[in-house]
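Worksheet: the structure to be examined is printed underneath.
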Amino acid sequence: MPTPPTDPGLWTLLQERSDRALWQWDRPLQGRTGTTRFVIIHDPSRLDFEDFDEAEKMFEMLED
């Protein structure tokens with residue numbers, strides 16, 4: 001299982017392939033969960049998205 005990034009917040013693994021992972025990142029905001037972003041880790045790259053559909057589309061476009 002991939003290791004989530006070290007940014008503060010709650011990380012949930014949504015999808016993974018041999019070379020990349022798609023995470024949901026619930027970021028804290030003034031002591032509580034605030035905003036959600038979707039993050040693709042494709043070493044050494046990191047792509048951040050506000051929209052899940054956009055993130056999922058990019059995740060699928062990346063080749064193994």
Side-chain angles (χ1 to χ4, degrees):
M1 176 187 259
T3 304
T6 58
D7 303 270
L10 177 63
W11 290 92
T12 305
L13 180 62
L14 301 177
Q15 295 185 44
E16 69 176 298
R17 300 291 188 273
S18 61
D19 64 338
R20 63 193 182 278
L22 174 59
W23 296 89
Q24 178 177 317
W25 178 24
D26 297 315
R27 297 183 295 172
L29 180 64
Q30 298 177 2
R32 66 183 202 286
T33 299
T35 58
T36 298
R37 292 187 62 88
F38 301 95
V39 179
I40 298 172
I41 301 297
H42 188 242
D43 282 336
S45 301
R46 172 180 167 156
L47 304 169
D48 289 59
F49 299 87
E50 293 183 10
D51 180 74
F52 173 75
D53 292 332
E54 184 180 355
E56 186 177 44
K57 182 178 179 179
M58 177 61 73
F59 184 81
E60 295 300 329
M61 287 175 51
L62 296 171
E63 295 182 17
D64 284 325

Q. For R27 and T36, what are the C-alpha separation, side-chain angles and deciding distance, and is it a side-chain contact (heavy atoms from CB on, under 4.5 Å)?
A. CA-CA 6 Å; R27 297 183 295 172; T36 298; over 6 Å; no
Between [atom1] on residue [X] and [atom2] on residue [Y], distance to nearest 0.5 Å:
{"X": "D26", "Y": "T35", "atom1": "CG", "atom2": "OG1", "value": "8.0 Å"}
{"X": "L14", "Y": "L22", "atom1": "CG", "atom2": "CG", "value": "5.0 Å"}
{"X": "E54", "Y": "L47", "atom1": "CD", "atom2": "CG", "value": "10.0 Å"}
{"X": "L13", "Y": "W23", "atom1": "CG", "atom2": "CH2", "value": "4.5 Å"}
{"X": "E50", "Y": "F38", "atom1": "CD", "atom2": "CZ", "value": "10.0 Å"}

Q: Please confirm whether R37 makes a cation-pi placement over F49, using NZ or CZ under 6.0 Å from the six-membered ring centre and within 45° of the ring normal.
A: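 Judged by the rule (NZ or CZ under 6.0 Å from the ring centre, within 45° of its axis), R37 is not positioned above F49.
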Q) Is there a donor-acceptor contact under 3.5 Å from the side chain of W25 to the main chain of P8? A)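 Yes; judged by distance alone, with no hydrogens or angles, the pair exists.
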Q. Is the shortest side-chain N to carboxylate O distance from E60 to R20 below 4.0 Å?
A.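 No, this pair does not count.
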Q) Thinking salt bridges, do R46 and D7 make one under a 4.0 Å N-O criterion? A)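 Counted as a salt bridge, because a side-chain N and a carboxylate O are separated by less than 4.0 Å.
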Q: Quick one: do F59 and R17 satisfy side-chain contact (heavy atoms from CB on, under 4.5 Å)? Show the steps, please.
A: CA-CA 9 Å; F59 184 81; R17 300 291 188 273; 3.7 Å; yes
